[in-house]
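Because only heavy atoms are used, hydrogens play no part in the values below, and waters and symmetry mates are left out as well, while side chains stay in. Given the structure is predicted, the values throughout are model-derived calculations rather than measurements.
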Amino acid sequence: MSENSEKTTHFGFSEVPEGEKAGRVQGVFNSVASKYDIMNDVMSMGIHRVWKDAMMDWLAPRPGQKLLDVAGGTGDISFRFLGRAGHGHATVLDLTEPMLVEGRKRAEASHLADSLNWVVGDAMSLPFDDNTFDVYTISFGIRNVTRPQEALNEAYRVLRPGGRLMVLEFSQLPNDGLQKLYDLYSFNVIPRMGKAIAGDYDSYQYLVESIRNFPDQETFLGMVRKAGFGNAKYRNLSMGIAALHSGWKL
């Protein structure tokens with residue numbers, strides 16, 4: 001057996017061979033695709049909409065920019081970006097085709113059809129040339145990537161010089177007591193709500209576990225810098241339940 005095939009990675013709290021993770025993640029999102037927007041409401045108690053608006057506030061899209069929205073399945077970020085920019089172009093890339101199908105069904109998709117591309121692809125091996133995009137976003141997706149550092153390296157590659165990276169992801173609360181309370185909610189309430197709303201306990205259990213396994217804000221900031229991004233920094237949202245990381249290809 002080759003060294004690479006022996007490597008394992010987290011899938012929630014389980015250890016699985018790296019080669020299996022992408023397929024398992026696809027299985028989760030195939031399962032929840034039709035309920036994905038409801039899922040985000042459940043996972044964040046509805047606050048994800050405020051967080052995404054905060055992302056756009058910091059990003060400040062400009063007319064004519066080209067966005068690559070990775071793990072962008074239902075188009076939430078792309079629609080917001082195009083609305084703020086006034087005019088521009090967004091490419092929505094996702095590993096899971098049913099997520100893209102759900103995105104195309106949304107009313108915004110038909111109104112913005114000339115400004116949108118929908119692409120099935122892998123964050124660790126983007127099907128785009130170097131120096132192609134002005135902005136790269138990934139929202140609640142990078143924790144599901146098998147090797148997040150490779151995804152950040154790819155983000156750097158496909159951005160033009162002067163391009164902007166922005167990552168929105170669930171993160172860690174800086175206060176241990178608050179974190180314990182949030183964990184109690186996450187592990188005891190969210191999977192049960194997933195079962196009640198989407199008929200799917202296991203996928204929601206995985207998503208909660210994946211949040212707890214994701215690096216904290218400072219560790220992830222180091223990964224952003226390691227990929228080559230300059231002026232890298234982060235902002236906590238809702239005391240750290242989520243965080244925005246930003247970097248520039250200088």
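Taken together through direct or relayed side-chain contacts under 4.5 Å among Ile, Leu, Val, Met, Phe, Trp and Tyr, M55 and M239 form part of one hydrophobic cluster. Hydrophobic cluster membership differs between V120 and V101, with clusters built from Ile, Leu, Val, Met, Phe, Trp and Tyr side chains linked at under 4.5 angstrom. The hydrophobic clustering, which links ILVMFWY residues whose side-chain heavy atoms are closer than 4.5 Å, places Y156 and L221 apart.
The backbone N or O of E169 sits nowhere less than 3.5 Å from a side-chain atom of R143 that would complete a donor-acceptor pair. At distances below 3.5 Å, not a single donor-acceptor pair connects side-chain atoms of Q205 with backbone N or O atoms of P191. Side-chain atoms of R164 never come within 3.5 Å of backbone atoms of W248 as a donor-acceptor pair (strictly under, hydrogens ignored). No donor-acceptor pair closer than 3.5 Å links the side chain of S78 to the backbone N or O of G75. Formation of a donor-acceptor pair under 3.5 Å by the Q172 side chain with backbone atoms of I211 is found in this model. Here the side chain of D134 pairs a donor or acceptor atom with the backbone of K66 at under 3.5 angstrom.
Under a cut-off of 6.0 angstrom, the local environment of CZ in R62 is sparse, with at most 12 non-hydrogen atoms contributed by other residues, nucleotides or ligands.
Here the CG-CG distance, from L116 to L100, works out to 11.0 Å after rounding to the nearest 0.5 Å. Note that CG of L173 and OH of Y182 are 7.5 Å apart. Values are rounded to the nearest 0.5 Å. Note that CG of L93 and OG1 of T137 are 10.5 Å apart. Values are rounded to the nearest 0.5 Å. L168 contributes atom CG, which lies 11.5 Å from atom CG of L59 (distance to the nearest 0.5 angstrom). Atom CG of D57 sits about 14.5 Å away from atom NZ of K52, to the nearest 0.5 Å. A distance of 11.0 Å separates CD of E209 from OG of S186, quoted to the nearest 0.5 Å.
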- Between I241 and I47, is a side chain to side chain contact (heavy atoms under 4.5 Å, CB included) present by the stated rule, with each step listed? CA-CA 10 Å; I241 292 175; I47 303 170; over 6 Å; no
- Task: Evaluate the side chain to side chain contact (heavy atoms under 4.5 Å, CB included) criterion for residues D53 and R80: first the C-alpha distance (whole Å), next the side-chain angles of each, then the deciding distance (0.1 Å), finally the verdict.
- Result: CA-CA 8 Å; D53 287 339; R80 280 175 165 80; 3.0 Å; yes
- Go through the steps for Y136 and V70 under the test side chain to side chain contact (heavy atoms under 4.5 Å, CB included), then give the verdict. CA-CA 7 Å; Y136 174 112; V70 174; 3.4 Å; yes
- Message: side chain to side chain contact (heavy atoms under 4.5 Å, CB included), that's the test. Do T132 and L126 meet it? Break it down for me.
- Response: CA-CA 11 Å; T132 299; L126 296 172; over 6 Å; no
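Screening residues 87-135 for ring-ring contact (aromatic ring centres under 6.0 Å, His included) gives F128-F133 as the qualifying pairs, with residues at least two apart or on separate chains.
Heavy atoms only, all atoms of each residue included: N131 and P161 are closest at OD1-CD, 3.8 Å. In terms of heavy-atom proximity, L159 sits nearest to K249 at O-NZ, 2.6 Å. Of all the heavy atoms in A109 and G103, the pair that sits closest is CB-O, 3.5 Å. Closest non-hydrogen pair, N236 versus A243, comes out as OD1-CB, 4.0 Å. Among all heavy-atom pairs drawn from I77 and S139, the shortest one is CG1-CB, 3.7 Å. When all heavy atoms are compared, the tightest approach of A123 to E154 is O-CB, 3.6 Å.
Considering only heavy atoms from C-beta on, V50 stays 4.5 Å or farther from L237 through its side chain. A 4.5 Å side-chain heavy-atom check between V135 and P61 finds every atom pair outside the cut-off.
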Kindly list each side-chain donor-acceptor pair under 3.5 angstrom involving residues 223-232, sequence neighbours excluded, with atom names and distances?
| from | atom 1 | to | atom 2 | distance (Å) |
| --- | --- | --- | --- | --- |
| R225 | NH2 | A232 | O | 3.4 |

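R235 pairs by the salt bridge (charged side-chain N to carboxylate O under 4.0 Å, His left out) definition with nothing, not counting sequence neighbours. Applying the salt bridge (charged side-chain N to carboxylate O under 4.0 Å, His left out) rule to D130 yields the partners R157; only residues at least two apart in sequence or on another chain are considered. When the ring-ring contact (aromatic ring centres under 6.0 Å, His included) test is applied to F220, the partners found at least two apart in sequence or on another chain are F214, H245. Listed by chain and number, the residues in a salt bridge (charged side-chain N to carboxylate O under 4.0 Å, His left out) with K233 amount to none (sequence neighbours excluded).
We find that D76 and R49 are not joined by a salt bridge, their nearest charged nitrogen and carboxylate oxygen being 4.0 Å or further apart.
Checking N144 against Y206 by side-chain atom types alone, a donor-acceptor pair falls below 3.5 Å. Side chain to side chain, D216 and T219 meet the donor-acceptor criterion of an N or O pair below 3.5 Å.
Between L244 and the options W51, W58, Y234, a side-chain contact (heavy atoms from CB on, under 4.5 Å) holds for only W58.
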